[in-house]
Amino acid sequence: MIKAKVYITLKKGVLDPQGKTIKQALEHLEYKGIEDIRLGKYIEITLNGKSKSEAEREIKDMCEKLLANTVIEDYRFEIEG
Amino acid sequence: MIKAKVYITLKKGVLDPQGKTIKQALEHLEYKGIEDIRLGKYIEITLNGKSKSEAEREIKDMCEKLLANTVIEDYRFEIEG
Amino acid sequence: MKDIQITKELIEAHGLTEEEYERIIKILGREPSYTELGIFTVMWSEHCSYKSSKVHLRRFPTDAPWVIQGPGENAGVIDIGDGLAAVFKMESHNHPSFIEPYQGAATGVGGILRDIFTMGARPIASLNSLRFGLLDKPKHKYLFSGVVSGIAGYGNCIGVPTVGGEIYFNDTYNGNILVNVFNLGIAKKDKIFKGKAAGIDNPVIYVGSKTGRDGIHGASLLASHEFDEKSEEMRPTVQVGDPFTEKLLLEACLELMDKDLIVGIQDMGAAGLTSSSSEMASRGGTGIEIELSLIPTREEGMTPYELMLSESQERMLIVAKKGKEKGVEEIFKKWDLEAVVIGRVRDDGILRVKDKGIVVAEIPAKALAEESPVYNRTIKRPDSQNELQSLELSKLQLPKNYNDVLLKLLGSPNIASKEWVFEQYDHMVRTNTAVLPGSDAAVIRVKGTDKALAIKVDCNSRYCYLDPFLGGALAVAESARNIVCSGGRPLAITDCLNFGNPEKPEVMWQFSEAVDGISEACMRLKIPVVSGNVSFYNETKDQRIYPTPVIGMVGIIDNIEQAMTQWFKRKGDIIVLIGDNGDDLGGSEYLYIFHELERGMPPSLDLNKEINIQRLCLQAIKEGIIISSHDCSEGGLAVALAECCISGSEPIGAEIEL
Amino acid sequence: MFGIVIFPGSNCDHDCYHVLRQVFNQNVQFIWHKEERIDKKFRVIILPGGFSYGDYLRTGAIARFSPVMKAVERFAKNGGLVLGICNGFQILLEAGLLPGAMMRNKDLKFICKNVYVKVEKTDIPYTKACKKSQVLKIPIAHAEGNYYADPEILKSLEENRQIVFRYSTRNGEITEESNPNGAVNNIAGICNKEGNILGMMPHPERCSERVIGNEDGRLIFESLIEVIGSNLSP
């Protein structure tokens with residue numbers, strides 16, 4: 001059983017309305033010193049019957065094809081187990 | 001400058017309609033051996049003027065109060081820098 | 001698996017009384033198994049059995065020439081001509097929404113939609129009636145925005161327009177918010193499907209999403225117990241809604257019903273597989289046998305108890321014609337949904353549940369579904385009621401500046417525009433919304449005819465608190481006024497009766513009086529009750545909600561050209577007040593905002609005059625005399641006039657001679 | 001002949017069908033998303049609004065992989081007319097048939113209301129019946145209509161005059177207040193260079209009948225019918 005953790009974030013320079021709103025909400029709740037907040041997706045994928053390198057190749061392919069919109073998003077992932 | 005990485009995921013047993021649909025979509029695209037997919041949120045928060053322990057306390061408080069819906073979500077976080 | 005020992009504590013934990021447990025033993029002729037105990041508990045919960053309300057609900061008038069199906073089925077059905085029928089109902093999801101507002105409200109929408117399309121109708125419009133504590137507290141704001149986004153999230157995704165509703169804020173709802181959802185669908189008059197298991201040996205087919213541990217002791221038990229500190233950890237896994245799967249289920253079921261493949265169908269609502277199987281068997285006078293190991297599950301090691309009580313969403317139970325299983329499975333396969341034969345219809349009238357061949361439950365279906373205990377609970381008029389109804393207007397200081405009064409009233413959350421809310425709802429999908437939200441009633445075109453339906457949910461719970469009888473009658477009368485003001489002729493109602501703990505005599509007094517008030521108004525206005533829902537236990541240890549019998553009314557507009565809106569249209573038109581303007585300030589919004597009083601008698605109601613006023617208004621609309629019409633409710637004449645001036649696209653003035 | 005694609009989760013397929021069939025009396029047929037070929041009889045393919053695949057992961061992210069989309073791509077390459085409305089526009093973006101992407105609305109809420117859009121381009125089959133700079137009142141209903149394109153793409157869209165609709169005031173001014181969702185340059189609809197693929201967020205099919213109070217949307221359908229030569233249904 002292999003577990004992949006995929007992190008998808010907006011590219012630098014792309015406005016993040018959700019991050020901005022969360023920052024305002026937190027400041028409204030008296031939190032100080034917040035420089036910036038970026039909201040992204042965290043996807044946990046469990047695979048079986050794969051070697052680590054096979055999993056690596058497949059997860060990268062999944063990200064390129066579906067999980068990330070490479071026009072506005074970056075992705076990175078870690079493979080465990 | 002301190003950077004906190006927050007991971008918010010649905011509690012075990014709570015239905016994840018998005019994860020289920022992404023899994024079906026990947027299977028339609030001929031990816032095999034996918035055991036499970038869970039979709040969650042990944043939040044990067046940059047703070048300044050805080051010690052590491054102060055940041056730790058504040059991020060935990062933010063998660064409890066706003067970032068995570070503790071009725072159906074779990075959270076964990078890492079502090080860098 | 002060794003069967004769990006039934007102990008006194010276990011029975012109590014399930015909320016069953018001594019007598020109820022004795023009654024189970026009498027029905028079974030033996031002690032129940034753990035799974036059977038769970039099954040009886042959910043079926044005999046207040047939410048599913050109506051055990052404290054049944055005796056009173058019988059007093060509702062339920063028939064009229066246009067009623068095709070009255071209370072007792074998944075939804076009410078009325079004939080609207082052109083070979084078509086309107087199918088509608090209301091449901092409450094109050095307790096789950098207090099625990100998780102987004103999912104509680106979302107699954108409420110999902111549940112009411114399934115009640116409609118299970119009858120063979122295409123859902124075409126939703127309304128909702130919401131009540132929260134005052135918005136000055138963060139918790140109440142959190143619940144309010146969570147519920148609204150949950151209704152929007154689910155309703156918008158499935159493509160059924162949310163075209164209107166009502167929202168009230170009052171301290172009485174601090175510990176118990178109310179989330180009532182209404183839906184209406186259109187079906188061919190001769191293609192109405194019932195939740196009946198008929199035809200011995202016909203296959204029983206499970207369709208829709210996989211089963212998980214969602215809401216075990218969810219809607220049915222939660223709604224049957226007061227909230228107390230224990231309710232924090234009593235929290236079951238929250239039911240999560242999947243509107244995308246529901247959309248697939250909706251299209252698959254409607255496609256299924258077009259072909260001659262099935263005999264009966266029912267939604268798995270509160271109490272999931274238990275209520276659907278036992279109710280279908282009981283209505284069909286047959287038995288059902290199911291094999292639990294065939295049920296598609298999304299979690300490992302689920303016990304028979306959990307499988308029978310799970311409230312996972314987006315699932316239906318179907319009884320198909322023998323030999324047509326393949327046809328059913330193909331349709332669901334097209335829509336990527338589970339469709340598994342899990343049992344057969346039997347002729348022994350027994351609900352028999354097996355797990356890998358071993359019988360884990362064997363209960364007479366009729367006894368389970370229809371012979372729950374029925375209570376005629378004690379009724380006692382609260383001693384404080386007279387005091388509550390007394391009000392000396394003379395003692396109250398008259399306002400200095402009436403402009404301020406009007407502006408403050410118009411700014412009160414109970415009266416102010418709800419645009420912030422309904423702009424989050426897709427209220428235009430299906431292109432039938434002839435009158436957009438913001439007028440008196442929503443008007444929905446019936447495609448293929450010249451007709452339209454006017455629909456409205458309405459209740460002033462403060463009036464019902466001051467006088468439940470008059471409050472109940474006013475809820476019906478005001479709903480009817482709104483329908484008539486939109487050019488519609490009221491046909492029938494559904495309802496959502498939200499009250500406190502029925503074990504308290506004052507609550508049962510409120511309930512019985514409200515039922516009588518509603519019955520009186522329905523009888524006199526000739527508007528039958530065709531479906532509805534009761535929600536008790538809306539109470540925490542120190543706070544009980546005002547009695548809130550929400551009325552959902554449907555009226556017909558014979559020609560859509562006569563649909564009416566509330567706003568003034570042209571300079572120079574004459575403004576006419578129909579009916580007299582008494583000094584009814586009891587329980588008014590003015591009294592509440594300016595004097596913080598919630599006392600006095602609600603506005604008087606003369607049902608004869610009401611009938612004539614409504615007839616006059618409808619006739620005048622038909623003859624083109626009326627350009628706009630609006631009813632006076634919260635905020636009285638001043639607010640009504642202000643609304644007529646500002647709610648149109650172009651604000652317009654008015655001059656009144658008192 | 002018009003073709004309307006049905007994806008799992010499409011909602012406005014029935015609305016588009018009703019307008020084309022009942023209001024404009026046109027030949028129109030549904031196309032199931034698993035179809036691999038688009039019949040030659042079709043002149044216009046509509047990708048309707050709705051929540052294909054629940055809008056899970058990203059709006060249109062999964063629908064773009066439906067078998068029919070390869071056929072739609074070929075159909076468009078050969079000059080066929082492809083109109084993507086709301087979710088249909090999002091699918092065209094994810095499929096790369098139009099440039100850019102949709103972000104969450106600036107105030108994060110779903111918005112359903114009538115808005116004004118200014119017609120910036122009338123030399124394409126979709127807006128022939130409109131007058132240049134005409135302002136139309138058309139309803140929007142979305143949570144992800146905040147159009148984004150990086151500076152280069154934005155520059156090329158403006159230079160190649162590929163922007164068809166911009167959110168505007170009632171009398172056509174392009175302002176911050178008239179922009180409901182934060183879309184860059186108030187963009188509400190764009191086309192490809194060739195002008196045969198149009199993506200628009202507002203719903204013309206929701207405002208093509210007097211009985212529901214607004215007919216401005218008729219112009220889009222009238223333009224299309226004019227171009228393909230109105231072949232009335234039998």
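Remember, predicted model here, so these are calculated numbers, not experimental data. The sequence lines fix the lettering, A, B, ..., with proteins before strands; numbering per chain opens at 1.
- Residue-level contacts of residues 35-47 of chain B with chain A, in order of numbering, are B:Glu35, B:Asp36, B:Ile37, B:Arg38, B:Leu39, B:Gly40, B:Lys41, B:Tyr42, B:Ile43, B:Glu44, B:Ile45, B:Thr46, B:Leu47; threshold 4.5 Å between heavy atoms.
- When all heavy atoms are compared, the tightest approach of B:Glu58 to A:Lys32 is OE1-O, 4.2 Å.
- Proximity to chain A (any heavy atom under 4.5 Å) is shown, for B:Lys3, by neither the backbone nor the side chain.
- Contacts between B:Ile2 and chain A at a heavy-atom distance below 4.5 Å are absent for every atom of the residue.
- Contacts of A:Ile34 with chain B are made by both backbone and side-chain atoms, with heavy-atom separations under 4.5 Å.
- Below 4.5 Å, heavy atoms of chain A meet heavy atoms from B:Ile22, B:Ala25, B:Leu26, all part of residues 12-27 of chain B.
- To the nearest 0.5 Å, the span separating CG on B:Leu66 from OH on A:Tyr31 amounts to 8.0 Å.
- Residue with the most contacts toward chain B among A:Thr9, A:Val6, A:Asp61: A:Asp61 (heavy-atom pairs, distance under 4.5 Å).
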